[in-house]
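Structure record follows, encoded as structure tokens.
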Number of protein chains: 2
Amino acid sequence: MEKTTFRDVKQTVLTRIRDKTWAPDTFIPNEVALAAEFGCSRSTVNRAMRELAEEGILDRKRKAGTRVNATPVRNAKFVIPLVRDEVEATGAAYRYALVSREVLPAPPWLRARLSLGDKSRVLHLNCLHFANNAPFQFEDRWINIATVPMVEQADFSARGPNEWLLSQVPFTDVELSFSANTADAQLADFLALSPGEPVFTAERTTWLNDNPVTFARLSFGRGYRMTTRY
Amino acid sequence: MEKTTFRDVKQTVLTRIRDKTWAPDTFIPNEVALAAEFGCSRSTVNRAMRELAEEGILDRKRKAGTRVNATPVRNAKFVIPLVRDEVEATGAAYRYALVSREVLPAPPWLRARLSLGDKSRVLHLNCLHFANNAPFQFEDRWINIATVPMVEQADFSARGPNEWLLSQVPFTDVELSFSANTADAQLADFLALSPGEPVFTAERTTWLNDNPVTFARLSFGRGYRMTTRY
DNA sequence: ATTTCCTTTATGTCTGGACATAATAATTAT
DNA sequence: ATAATTATTATGTCCAGACATAAAGGAAAT
């Protein structure tokens, strides 16, 4: 007879939820009772339940107990890779090109988005990432010079700003958002699309303890899909 | 003097990584050493390190040790809510309408996607979800009758199939993918767009232990954004 | 009836110890 | 030199027991 692991407990609990032994919105036995039933320690049950709660299956509250979540608002985990890795993972050759680089006062829309003062200076970069020489992603990147002073000396002709930032500048918070948009003339040009074609847009803003670090708008052309399994 | 919690340990480790005390791609001290340094038990250090590894910050291997991940492939967590909750969270009134319902043999593209046999029957539904009476999401839903026989008797005139499925049918695996597309004539009509306007598309396929349950294509009109912070 | 205080209870976390396991490093046999 | 075997080591997991803490429920005071 093998020992009951926290994985076994998770599995058993999941099965009971699926076969409606434990119905949605009802409380399940407490940890001590389950530990006794499964023949393991409370710590083991606790870990199993904690992870299931993390996954959105269960809802736990002190004293109240553990309830089966009626609407399992399951959270999908998206792995956000580097462009280089994303391209190379498909077997395609990755190439990077810097389109433009300039230092300028932060435009109003960016000041609003990052809550910057009105005399903030930013580095603005436009970059293109290719997969097998076909444009794959257009990167519109803004970096807050006040938070990252050394960015003015950095060389972005061979390596993209994202890779540089990841290796040089830590961050504590990220906001990420996805949307569908149409390509304007400039974007269509860069991504080899016709104006008006749909583009998949990912916008990422990062902070280092309340100090805005960077804002990036990443545009992907035809056929791009962001996929996850869980 | 307070006790050192696993949260304290996580915080300290993160700080040391950020200030480059522990550089990327280098090994950090083992759990016993850290427990001694922090004045806590190894279990506490273990939990902190395990969670940081889960978050993609660290890379752990038995015997080898714990290494600082050079390219923190941080994974974003997306909470996928019910349409109803998503709409009501903005303060808008939610309304649902069933557009069409028919039982038919699975079309070839669906058979391929769900690996269905060639005489599979499916229930096909078209639904509209409104926010304050403005179309918010168009749902193109296909349900595998073989896996969910009782779906033929279900009434979808008042409640959307997603809510019904969530409460009635368990699932074990989900594939989710996002993309940008253009509205065709039918979709433009339903979402009150002009044909050719961009739509944000989410496609979700779910299985119950290798048995395909359902495939849904959810289309969102103008201005829809899917956002997460971490 | 409403507020305030106290008790109870289930989860949250820590400890210190133990054994399991994977992977590396060292050793021995071919 | 190369392959097979054996130690070593850091992480992975488990346990039993302890105390902390949030929150529900009831009791007492207003």
Side-chain angles (χ1 to χ4, degrees), chain A residues 1-14 16-17 21-70 72-73 75, chain B residues 1-17 21-70 72-73 75 77:
Chain A
M1 181 56 187
E2 288 283 307
K3 205 181 286 186
T4 312
T5 71
F6 76 94
R7 270 170 242 274
D8 299 333
V9 177
K10 281 180 79 169
Q11 208 35 67
T12 306
V13 171
L14 275 175
R16 291 198 185 169
I17 293 175
T21 305
W22 291 335
D25 263 332
T26 60
F27 283 90
I28 72 177
N30 70 41
E31 296 185 347
V32 178
L34 289 177
E37 188 201 332
F38 296 139
C40 64
S41 75
R42 185 167 82 89
S43 336
T44 302
V45 175
N46 180 272
R47 175 154 180 199
M49 308 301 253
R50 178 166 20 100
E51 293 192 1
L52 287 170
E54 189 109 327
E55 291 162 31
I57 311 287
L58 296 176
D59 205 28
R60 321 192 76 201
K61 256 203 295 216
R62 272 170 164 148
K63 158 74 185 178
T66 302
R67 210 155 29 91
V68 178
N69 207 324
V73 183
N75 28 14
Chain B
M1 180 59 184
E2 286 285 307
K3 208 181 282 186
T4 313
T5 71
F6 76 94
R7 271 172 239 274
D8 298 334
V9 176
K10 282 181 79 170
Q11 208 36 65
T12 307
V13 171
L14 274 174
T15 306
R16 291 196 186 171
I17 293 175
T21 305
W22 291 335
D25 264 333
T26 60
F27 284 91
I28 73 177
N30 70 40
E31 295 185 347
V32 179
L34 289 177
E37 189 203 328
F38 296 140
C40 64
S41 74
R42 184 167 84 89
S43 330
T44 303
V45 174
N46 181 273
R47 174 154 179 199
M49 308 301 252
R50 177 168 20 99
E51 292 193 0
L52 287 170
E54 188 110 327
E55 292 162 30
I57 311 285
L58 296 176
D59 205 27
R60 323 191 75 200
K61 256 203 295 222
R62 271 168 164 148
K63 157 77 185 177
T66 301
R67 209 156 29 88
V68 179
N69 206 325
V73 183
N75 29 16
K77 263 198 198 163

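Numbered from 1 within each chain, the chains take letters A, B, ... in sequence-line order.
Protein atom CZ of A/R67 is 16 Å distant from nucleotide atom P of C/dA10, rounded to whole Å. Rounded to an integer number of Å, the gap from CG of B/L34 to C1' of C/dT15 is 17 Å.
Here the options are A/E54, A/R60, A/K10, the test is side-chain contact (heavy atoms from CB on, under 4.5 Å), and the partner is A/M49; only A/R60 passes.
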For this session: Begin with the C-alpha distance, continue with both residues' side-chain angles, and end with the deciding distance and a verdict on side chain to side chain contact (heavy atoms under 4.5 Å, CB included) for B/D8 and B/F38.
Result: CA-CA 9 Å; B/D8 298 334; B/F38 296 140; over 6 Å; no
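Between B/I17 and B/I57, the closest side-chain pair of non-hydrogen atoms falls below 4.5 Å. In this structure, the side chains of A/S43 and A/F6 stay at 4.5 Å or more apart for every pair of heavy atoms.
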For this session: Take nucleotides 10-16 of chain D nucleotide by nucleotide from the 5' end and write B, S or -, depending on whether a protein heavy atom sits under 4.0 Å from the base, only from the sugar-phosphate, or from neither.
Result: BBBBSBB
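With sequence neighbours left out, the side-chain contact (heavy atoms from CB on, under 4.5 Å) criterion links A/E37 to A/R16, A/L34.
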